[in-house]
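Heads up: the structure comes next, in C-alpha cells.
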Amino acid sequence: MLSVIIIIALTILVLAAAILAVQTTNLVVAVISAGLVSLMASVGYLFLSAPDVAMTEAAIGSGLSTIIFFYVLNRVRGKDHG
Amino acid sequence: MDFGLVAVVVGFLLILIGIWGILTQKNIVKIVIGFSIFDTGLHAIMVGIGYLKGRTAPILDSAVSPADALTSIVDPVPQALVLTAIVIGLGVTALMLAYVVRLYDYRKSLDISSYEDLKW
Amino acid sequence: MKNLFISVVLLLSVWLLLNASLSPVVIVSGLIVTAIIAIFFSARNPVFKDMKLNPKAIIYFFLYFFVFTFELFKANLDVAKRVISPKLPINPGIVEVRTRLTSKIGRLFLANSITLTPGTLTVDIKNDSLFIHWIDVSSTDIEGATKKIVENFEKYLEVIYG
Amino acid sequence: MVRKIFVIILLIGLGWFFYGMADSFHGSDSLNMTASYYAENGAEEVGAANLVTAIVVTYRGLDTLGEVTILFLTAAIAAFFLKSKEEFSKRDVKPSSELLQTAAGMLVPLIFVLGVYVFVNGHLSPGGGFQGGAIIASGLVLLLLSKPLQKVNSRFFALVESFSGLFYVGIGVAGIFLAGGFLDNSILPLGEFGTLLSAGILPVIYILVGLKVGSELSGLLTKFQETQEEN
Amino acid sequence: MEVLQITGGFVSLIGAVFLFLGSLGIVRMPDSYNRIQTGTKATTLGTLMFLIGVGLYNPSWFPKLIVLIFFILFTNPVSSHVLARAAYSIGTELTKLTVVDKLKDSRGEDIDA
Amino acid sequence: MADTLFLIAGGIIILSLFVAAIRFFLGPDPVDRVIAFDVLTIISISLIALIAHEAGRGIYLDVAVVYGLLSFLGVIVVAKYLERGL
C-alpha cells in the first residue's frame, strides 16, 4: 500500500520536474530541474530492486552532470540569461 | 500494481518530453538538457523491463542465499547494461557541452538560429 | 604529526563503521588506505593541528555534545512553534557578534552550532566578526547579541580547540 | 508555429507507437534463460555476491574494457576542444568563505575514503568502479570549489590513468595463460563467499577500473574548470 | 525486542513530523533567509530521528547509520551557510519585517575606507 | 504496532515531499528553488531508509550515504555559481 503511494508520488514529481526543465526560460532553473529528475528517478530505481543503478544515477547522472552544466553556464554567462 | 509497467510508461513519457525539448527549444544548453532527460527515460525503460514482481535485488547476502537465488532475484542483465549506459551518457553530455563552449567562443551566442551556415 | 595521527584515527573509524566488521583483513586494508590518504592531505592542509588531546578537553567534548543536542531540540521546537502559529511571529534581522576563538576548526564548529541553534543562521564571517541572521532579534548591539548567541558554546569550544 | 504543429504531430505518432509497446508489455514471472544461468551459477563460478558486478566485470568484461576506452576518448576529445587560447591567470573570482575552506579540508579525505570503500566492496554491496570513481571525482570538485584558483597537477591524473589501464589489460591477458580466457577471474583462488578477499582477481580489477575512471573524470572536470575566463 | 521496535517506530514518527514542519516552513516563510533557517534546522533533526528510529528497529544497521548521521550533522549547516552567503552577495531582498541589517552597515564602511 | 507507526511515518514523509515540491515549482528566485532542492534531497534520504526498512535489505543504505554527499555538493555548486565564485 505504502509503496504504491510512494511510486505515484515519485511519478508525478519526475514528470513535473521534466516539464519544468524543458519549458522554463531560466537556465539555472532548467539545470536544477534536470538534476531533480535524475534524483527522483534514482529513488524509483530502488523500488525496482536496482541499487547499483540507483547509486550510479545519483553519483553520475545527478552529481557530475550538474557540476559540468554549471561550469559551462559560468563559462558562457552573457547578459541575456541569468 | 506492476511497478515494471509504471517504469516503462514513465520512461516513454520522459522520452516524449525530451524530444519535445530538443525540437522546440532555441537555446543550445536547453537542447542538451532535453537530451539528458531523454537518456533518463531510456534507463527507466530498461530497468523496468528487468523487474520481476515481488522480487529483490540481485545481491546475495544474509537476506538471500545462493541456493534460492533463482526464485527470489530480479534480472541482473538489464541493470548491468544500464550501468554502462549511464556512464556513456555522462561522456556524451560532456562532449556536447564542450562543443557548446566552442560554439559560444565562435559566435558569442547560444541561440541555435544564429548558426545557419549548413542550412540549405 | 598530531594532525596525521588524528586524521588516521578518524578516517579509520569511518572505514570500520562503513564495513561494519572487525576482521583482520578489513583492519589491515583500512590502515593502508587511510594512511595513504591522510599522508597525501595532511601535509598541505593541516586542519586538526589546533586540536587538544588532554583529558579535560575530552570531558568538555562530551559536555559540549550534550549541550548541543539539547539546543538542537530546543531549536526545532522553536521552529515548530513559529511555523504552526497562524500569525507567523517573526522579527528578523542580521546582527554582528564577536568571537574569541582563533583556530579555524573551532570557528567552523562554532558557526555550525550557531546555525543549528534556535533562530540563528551564520551568513558571513570576517576575521573575528560573525554576521548572524536572527529570526527574533532581541538586542541589536554587539555585546548583547554576543552574550545571547555565542557564549553558550564558546566556553566549551575554547577548551577543546583553543 | 508551423514547426510546432509538425513537432506535435510527430510526438502524437511516437506516442501512439509507444502506447502499443507499453500496452503489449507484461511483466514475466520467471527469469529468462541467460539470467537464470547467471543466477544459478554466478555465485559458484565467479564467487561475487553482487551478480551485477559479476556480469559487468567477468561475463561481459570485454564490454567494460570498451566502455572505459570510450570514456578515455571522450575525455581526450573534450580536452582538445576546450583547449584554452591564452593564459587565464588574471581571473577575478569571489573567494570562498573561511568556513567552506575548513570544511572542505576535513571532508575531502572522508569523501576519498568513501569512494575507496565503494570500489573495494564492489563485489559485496551496491557500487563498484564507476560509482567509486565518480565519488572520487566529486571530492576533487569540492577541493576546486573551495579554492577556485588552485592549480591541479593534471599530469598526475594521466599517470594514474595510464598505469591502471595498463595493469587492467595485463590482468586480462594473464587470464588467457593462467586460467580459462581473457579477463577470467580465477587467477587467484576464489576464497570464502561473502568476505572482502573473495571472488578471485575481481576486486583488483574493480580497484583498477575505479582508479582509471576516477582519474579520467577528474581530468575532464578540471579541464572544464580551467577554461573559465573572466567575463 | 518488541519494546525496542515500538520505540523505533515512535522516534521515526516524530522525525517524520519534523520533516513535514520543515517543508511547511519553506512554503510559509516570507523571504529566502527565513526559509533557509527553517529548512536547515527542522530537516536535520527530522532526518536524524528518522534514521535513529530505523536503526532501533534493525540494530545491525547502526554502524552505517552513524556515519550517515554525522555526515548530515556536519554538512547541512555548512551548505546552508554557503547558500545564505551567496544569496546575500547577489542582493536577495530581506523581507519588510526586517529590523536591523548590520552586514550592510559594515559593507558600507569597507567602501568608505 | 511498530509497522503501523512506520506506515504513518511514511505517509507523512510523502506529504512533506509534496509540500517541499510546491516551493520548488513556485519559488520566485533560483535561491528559493535551491533551498527546496536541498530539502527534497534530505527528505529522500529518509525515504531511502524507509525503503531499506520495508525491503529488509541493509545494503540499500550505501545509496543513502552517496545521497548525503550529493545534496551537499549540489547546493555548493549552485551557490558558488550564483555568487560568481566558480
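Here the structure is a predicted model, which is why all the values come from computation and not from measurement. Proteins come first, then strands; the chains are lettered A, B, ... in the order of their sequence lines, and each starts at number 1.
Of all heavy-atom pairs spanning F:Glu83 and E:Ser89, the tightest one is CB-OG, 3.3 Å. Contact record, E:Ile90 with F:Leu82: CG2-O, 3.0 Å, taken as the closest heavy-atom pair. The two residues F:Phe6 and E:Gly53 have their closest heavy-atom pair at CZ-O, 4.1 Å. Smallest separation of non-hydrogen atoms from F:Asp3 and E:Tyr57: OD1-OH, 3.3 Å.
Contacts between E:Met29 and chain F at a heavy-atom distance below 4.5 Å involve the backbone alone (N, CA, C, O). The parts of F:Ala36 that come within reach of chain E are both its backbone and its side chain, each placing non-hydrogen atoms under 4.5 angstrom from that chain. For a residue to count as touching a neighbouring chain, one of its non-hydrogen atoms must lie under 4.5 Å from one of that chain's; by this rule F:Arg33 does not touch chain E. In this structure, the portion of E:Leu51 lying under 4.5 Å from any heavy atom of chain F is its side chain and not its backbone.
At a threshold of 4.5 Å between non-hydrogen side-chain atoms, the residues E:Ile72 and F:Tyr67 do not count as touching. Residues E:Phe50 and F:Leu50 form a side-chain contact, since some pair of their non-hydrogen atoms from C-beta on lies under 4.5 Å apart. The shortest distance between side-chain heavy atoms of E:Val78 and F:Phe72 falls below 4.5 Å. For the pair F:Ile12/E:Val17, a side-chain contact is recorded, criterion being any heavy-atom separation below 4.5 Å from C-beta on. The closest side-chain heavy-atom distance from E:Leu83 to F:Ile35 is below 4.5 Å. The side-chain heavy atoms of F:Asp38 and E:Asn76, taken from C-beta on, include a pair separated by under 4.5 Å.
Once rounded to the nearest 0.5 Å, the distance linking CD1 of F:Ile59 with CH2 of E:Trp61 reads 9.5 Å. Going from atom CD1 of F:Ile13 over to atom OG of E:Ser23 covers 10.5 Å, rounded to the nearest 0.5 Å.
The greatest number of non-hydrogen atom pairs below 4.5 Å with chain E, out of F:Gly74, F:Ser71, F:Ala52, F:Ala64, is found for F:Ala52. Of the listed residues (F:Thr4, F:Ile76, F:Asp62, F:Leu73), the greatest number of heavy-atom pairs within a distance under 4.5 Å of chain E belongs to F:Asp62. Ranked by heavy-atom pairs under 4.5 Å with chain E, the list F:Asp32, F:Leu69, F:Val34 is led by F:Asp32. Among the candidates E:Leu19, E:Leu24, E:Leu65, E:Ile14, the residue making the largest number of heavy-atom pairs closer than 4.5 Å to chain F is E:Leu19. Most heavy-atom pairs under 4.5 Å with chain E, from the set F:Ala21, F:Pro30, F:Ser46: that is F:Ser46. Between chain F and the residues E:Val67, E:Ile26, E:Thr7, the largest count of heavy-atom pairs under 4.5 Å involves E:Ile26. Chain F forms more heavy-atom pairs under 4.5 Å with one residue of E:Leu21, E:Val82, E:Val27 than with any other, namely E:Val27.
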Show your working on side chain to side chain contact (heavy atoms under 4.5 Å, CB included) between F:Leu15 and E:Phe20 and close with a plain yes or no.
-> CA-CA 7 Å; F:Leu15 206 61; E:Phe20 178 69; 3.9 Å; yes
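The local environment of CZ in E:Phe70 is sparse, with at most 12 non-hydrogen atoms from other residues, nucleotides or ligands closer than 6.0 Å. A 6.0 Å sphere centred on CZ of E:Phe10 holds no more than 12 heavy atoms belonging to other residues, nucleotides or ligands.
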